[in-house]
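Below is one structure, written out as structure tokens; the observations come after it.
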Amino acid sequence: MTNYQDQLATLRESIKTNSTLKVKGGGTKTALSAAANLDLGGLSGVLEYDPQEYTLTALAGTPLKEIESLLLEHGQYMPFDPVLVDAGSTLGGAIASGLSGPGRYRYGGIRDFLLGIQFFAGTSKLHKGGAKVIKNASGFDLPKLMVGSLGRFGVLTEATLKVFPKPEVFTTMQLEVGSLGGALELVKKLATSSFELSCLDFSSEGKLFLRFGGLKEASQARLKRIQDFLGLESEVVTDAADNAFWQGAREFAFVPEGFDLVKIPLTLSKINALEPQLDTSYLRRYSVGGNVLYLALPQDANKIGLSSLLQEHKLSGLALTGSWASPYLGKPLDEVFAKRLLAVLDKDEKLN
Amino acid sequence: MSEALLNRLKTLFPKDRLLHNEAQVLPYESDGLTAFRSKPLAVVLPETQEEIIETVKLCYQYDVPFVARGSGTSLSGGSMPIADGVVIALNRMNRILHYDAAERIAVVEPGVINLYVSKKAVVDGLYYAPDPSSGPVCTIGGNVAFNSGGAHCLKYGMTSNHVLGLKVVLPDGEVAELGGESLEMVGPDLTGMFCGSEGLFGIALEVSLRLLPKPEVFKTILAAYHSLADAGQAVADVVASGLLPGAMEIMDRLAMDAAEAAVKAGYPAAAQGLLIVELEGPVEEVEAEFPKLMKVIEASGTYEVRVAKNEAERMKIWKGRKGAFSAVGRLSPDYVVQDGVVPRTKLGEALREIERLSKNYGLRVANVFHAGDGNLHPLILYNGKVEGEFERAEELAGDILKLCVDLGGAVTGEHGIGVEKLAYLPYMYSDDDMDLMRYLRKSVDDKEIANRGKMLPSNKAPALTMHGAHPLEKQGIAYRE
Ligand SMILES: Cc1cc2nc3c(=O)[nH]c(=O)nc-3n(C[C@H](O)[C@H](O)[C@H](O)COP(=O)(O)OP(=O)(O)OC[C@H]3O[C@@H](n4cnc5c(N)ncnc54)[C@H](O)[C@@H]3O)c2cc1C
């Protein structure tokens with residue numbers, strides 16, 4: 001731990017001395033970590049984990065892979081389903097980029113599983129926010145503020161997550177619905193069903209991907225009932241094949257070499273209008289029951305055009321990989337409230 | 001100043017929506033922390049967002065503090081007026097603005113009652129998950145301000161986990177849109193930051209809520225133990241088994257006696273500790289989980305297990321649990337309730353220490369709590385008529401809060417700091433952290449007019465007087481957890 005204290009001291013020094021600071025964790029989201037001058041990769045390790053508590057505290061630079069493996073040894077997992085884990089994503093990077101995977105459909109995203117943090121404000125003071133317990137309503141919820149902040153409000157050093165027991169088995173169904181419209185209809189129908197799906201993704205060609213988890217002895221009967229409900233042929237995979245499929249989704253395997261990845265939060269009702277206006281060369285993957293579109297576009301695509309298109313549809317986007325003038329696309333963020341918080345947390349305008 | 005503001009408010013509100021004489025404002029003088037009162041300058045009853053924004057702007061202009069008020073059920077003095085300030089009462093802002101079952105979303109005004117959201121959604125098989133026991137009366141705006149919880153927080157989180165977006169008016173009248181209607185977002189989670197800010201960051205005008213499909217079935221069991229510690233150990237065993245119940249609740253003998261006296265819950269008479277576990281989910285899943293749960297429970301030293309065979313039996317189990325608080329009024333003229341949180345593995349230690357403190361102080365403490373998430377609810381019984389007993393109860397309550405922090409937990413899990421726990425927030429956070437919160441507040445609200453004197457112990461807060469049952473509890477309309 002003296003090592004940790006030394007690291008904190010060094011970190012504090014660089015926050016004090018640098019006039020601008022951009023943090024990098026695993027460097028997996030190149031659009032966000034380009035030109036970073038503060039590498040947190042070394043600040044790594046799990047500090048506290050008691051499976052009985054359903055909480056885990058780790059240093060910000062800890063690779064999610066390490067956390068995932070440790071949890072798995074105790075039959076637990078991160079229900080927000082972190083992305084780019086194999087690619088080397090870190091805990092701090094996942095929080096700052098605010099990314100969650102398809103599995104967040106069931107219990108919520110990283111915002112819902114972050115309980116406590118320790119961070120340096122732009123003042124180089126070390127602060128704590130939240131607590132290391134599952135429930136807490138004491139003081140301002142600073143952990144939430146860090147989610148998706150791209151490091152603008154502080155440099156994370158530690159974070160505490162809520163974790164859950166991992167379902168014994170997962171089952172995945174793949175359906176060919178034939179059209180996006182058809183897929184959307186089924187998604188709507190499923191939205192109010194009580195099947196408790198873990199994941200609900202679809203493609204613009206009308207392929208639907210459903211996943212549910214639970215006890216082995218219940219899975220066949222649950223599967224049968226969902227199949228009857230949908231009334232369509234489906235290909236069913238479990239175990240390794242199921243795992244590999246969603247691992248691919250989390251690692252954005254659909255993005256070919258030479259393409260850049262963008263995240264676009266949306267709602268079902270926006271999809272029909274947006275879809276025909278997207279360039280045919282853009283690859284799409286709808287996730288979380290149609291709450292997010294991951295778009296892969298050729299590196300030389302008209303990026304400004306995409307941003308204006310999103311703005312027309314009152315949507316915002318976040319570029320994750322590739323090189324961009326700004327990672328924020330489309331409708332500009334409402335900065336009214338954020339600015340007042342930044343005036344304290346980053347009063348010298350150092351952070352990102 | 002005040003006179004000038006009042007005159008301006010008179011041009012903004014018709015007579016029946018601007019209350020300022022003594023008799024009119026009396027009902028607004030306190031909240032769920034009943035005997036703690038303070039007289040406002042005026043109470044306004046806006047019906048539109050514009051009226052709220054204009055009121056805030058005027059308060060800012062005249063430098064008069066304001067407090068938003070939902071149903072006034074805060075247990076920590078959060079919605080108590082600021083002396084000579086303005087109360088912005090939001091009960092008439094009670095429309096559901098947008099509801100879409102397929103998108104599982106409801107956009108509501110802040111005065112909408114918590115339970116009303118689920119009532120609206122039930123036809124589509126959906127519900128709004130956060131379920132404070134005050135659900136039949138408290139408002140979504142109050143829930144947002146306090147990040148309120150209920151019995152299902154381990155699995156589903158608190159209010160903020162179900163709020164996707166907010167439209168808010170900041171304390172100087174500027175309006176901001178936070179978050180949106182999607183489950184996902186771009187940019188910092190400002191929605192989350194606003195939730196739980198106890199009214200210090202301004203007023204929520206519109207709230208976008210995430211809805212969830214209603215669990216298909218519930219399976220509720222009750223297990224009786226010869227000691228409270230055994231019941232606590234059983235919770236640990238359930239957790240270790242890999243099951244994730246929707247709720248796990250514990251009551252001690254005193255709490256059971258109270259429930260018995262009030263609602264004849266029929267709990268096992270010899271039990272010193274009672275555990276309620278509820279499984280929920282798709283039929284097949286719950287059927288498969290049930291024998292596993294029973295195996296764990298049967299091996300946990302219980303001497304009697306009951307399984308609710310139908311909805312009526314389930315409701316009976318819950319009625320006793322939910323009614324335990326108000327029922328405590330039958331055992332004692334007055335009581336204080338705290339809601340500190342401890343890590344779940346420290347529950348046993350916390351309970352033993354509370355028992356020791358109870359003996360030392362010579363005051364009875366009843367325990368009924370959310371065991372799944374470590375959220376204690378010690379009820380400290382006292383008699384306000386006995387000289388010095390209230391002060392002792394307060395001191396004991398403070399010791400329990402400190403104990404929670406010492407064990408690695410938090411001073412409040414759901415009722416908020418308000419004015420009641422002002423002295424204890426600094427016990428949980430360092431001076432630097434407290435200063436940071438004060439600076440943030442000051443930067444959002446340079447005149448510190450939004451809910452002045454609450455949550456952050458910077459301004460002098462009035463002293464506490466008495467505690468007891470909320471009028472709603474006395475009428476049996478709402479219960480505390
Ligand atoms: C019998 C009883 C049982 C209870 N059970 C629980 C429980 O199980 N779990 C739990 O968490 N709490 C519980 N509570 C506490 C209380 O009900 C909650 O804190 C609730 O959220 C308060 O809602 P309200 O509408 O009454 O808000 P109020 O008491 O009117 O206000 C609470 C706070 O919110 C602020 N506020 C209100 N509206 C807004 C708005 N639109 N924008 C910004 N700030 C606003 C107020 O200024 C105040 O600080 C209970 C209370 C009682 C009396």
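Every chain is numbered from 1 and lettered A, B, ... according to where its sequence line falls, protein lines coming before strand lines.
With chain A as partner, the option from B:Gly202, B:Gly242, B:Gly372 having the largest number of non-hydrogen pairs under 4.5 angstrom is B:Gly242. The greatest number of non-hydrogen atom pairs below 4.5 Å with chain B, out of A:Gly289, A:Pro143, A:Gly130, A:Ala343, is found for A:Gly130. Each of B:Asp373, B:Leu170, B:Leu183 has some count of heavy-atom pairs under 4.5 Å with chain A, and the biggest count is that of B:Leu183. Listed options A:Lys188, A:Gln52, A:Lys339, A:Lys216 were ranked by heavy-atom pairs under 4.5 angstrom with chain B; first place goes to A:Gln52. With respect to chain A, the highest number of heavy-atom pairs below 4.5 Å among B:Leu436, B:Asp124, B:Ile417 belongs to B:Leu436. In terms of non-hydrogen atom pairs under 4.5 Å with chain B, the most contact-rich of A:Arg104, A:Glu217, A:Lys189, A:Lys270 is A:Arg104.
No donor-acceptor pair under 3.5 Å is formed between the side chain of A:Ser149 and the backbone N or O of B:Pro188. Judged by distance alone, with hydrogens and angles left aside, the side-chain atoms of A:Asp334 form no donor-acceptor pair with the main-chain N or O of B:Leu178 at under 3.5 Å.
With a 4.5 angstrom heavy-atom cutoff, B:Glu289 touches chain A via backbone and side-chain atoms both. With a 4.5 angstrom heavy-atom cutoff, A:Lys125 touches chain B only via side-chain atoms. Residue contact with chain B, scored on non-hydrogen atoms closer than 4.5 Å, involves the backbone of A:Leu190 exclusively. Both the backbone and the side chain of B:Met437 come within contact range of chain A, with heavy atoms under 4.5 Å apart. B:Leu211 does not touch chain A: none of its heavy atoms, backbone or side chain, sits under 4.5 Å away. Of the two parts of B:Ser160, the backbone and the side chain both hold a non-hydrogen atom closer than 4.5 Å to a non-hydrogen atom of chain A. Contacts of B:Arg104 with chain A are made by side-chain atoms alone, with heavy-atom separations under 4.5 Å and no backbone atom involved. Only the side chain of B:Tyr429 comes within less than 4.5 Å of a heavy atom in chain A; its backbone stays farther off. Using a 4.5 Å cut-off between heavy atoms, B:Lys421 makes no contact with chain A at all. Heavy-atom distances place the side chain of B:Leu425, and not its backbone, under 4.5 Å from chain A. With a 4.5 angstrom heavy-atom cutoff, B:Ile105 does not touch chain A via any of its atoms. Of the atoms belonging to B:Val342, it is backbone heavy atoms, and not side-chain ones, that fall under 4.5 Å from chain A. For B:Val235, no part sits under 4.5 Å from any heavy atom of chain A, backbone or side chain. Both the backbone and the side chain of B:Thr345 come within less than 4.5 Å of a heavy atom of chain A.
The closest side-chain heavy-atom distance from A:Asp112 to B:His162 is not below 4.5 Å.
Ion pairing between a basic and an acidic side chain is recognised when a charged N comes within 4.0 Å of a carboxylate O; B:Asp433 and A:Lys128 show no such pairing.
Remark: B:Glu177 CD to A:Leu333 CG distance equals 12.5 Å, nearest 0.5 Å. Atom CG of residue B:Leu212 and atom OG of residue A:Ser194 lie 12.5 Å apart, to the nearest 0.5 angstrom.
Side chains of B:Glu181 and A:Thr267: a donor-acceptor N/O pair is absent below 3.5 angstrom, by distance only.
Put simply, the residue from B:Val341, B:Leu154, B:Asn375 that forms a side-chain contact (heavy atoms from CB on, under 4.5 Å) with A:Ile134 is B:Leu154.
The aromatic rings of B:Phe201 and A:Phe337 sit perpendicular to each other, their planes meeting at more than 60°, with 30° as the lower class boundary.
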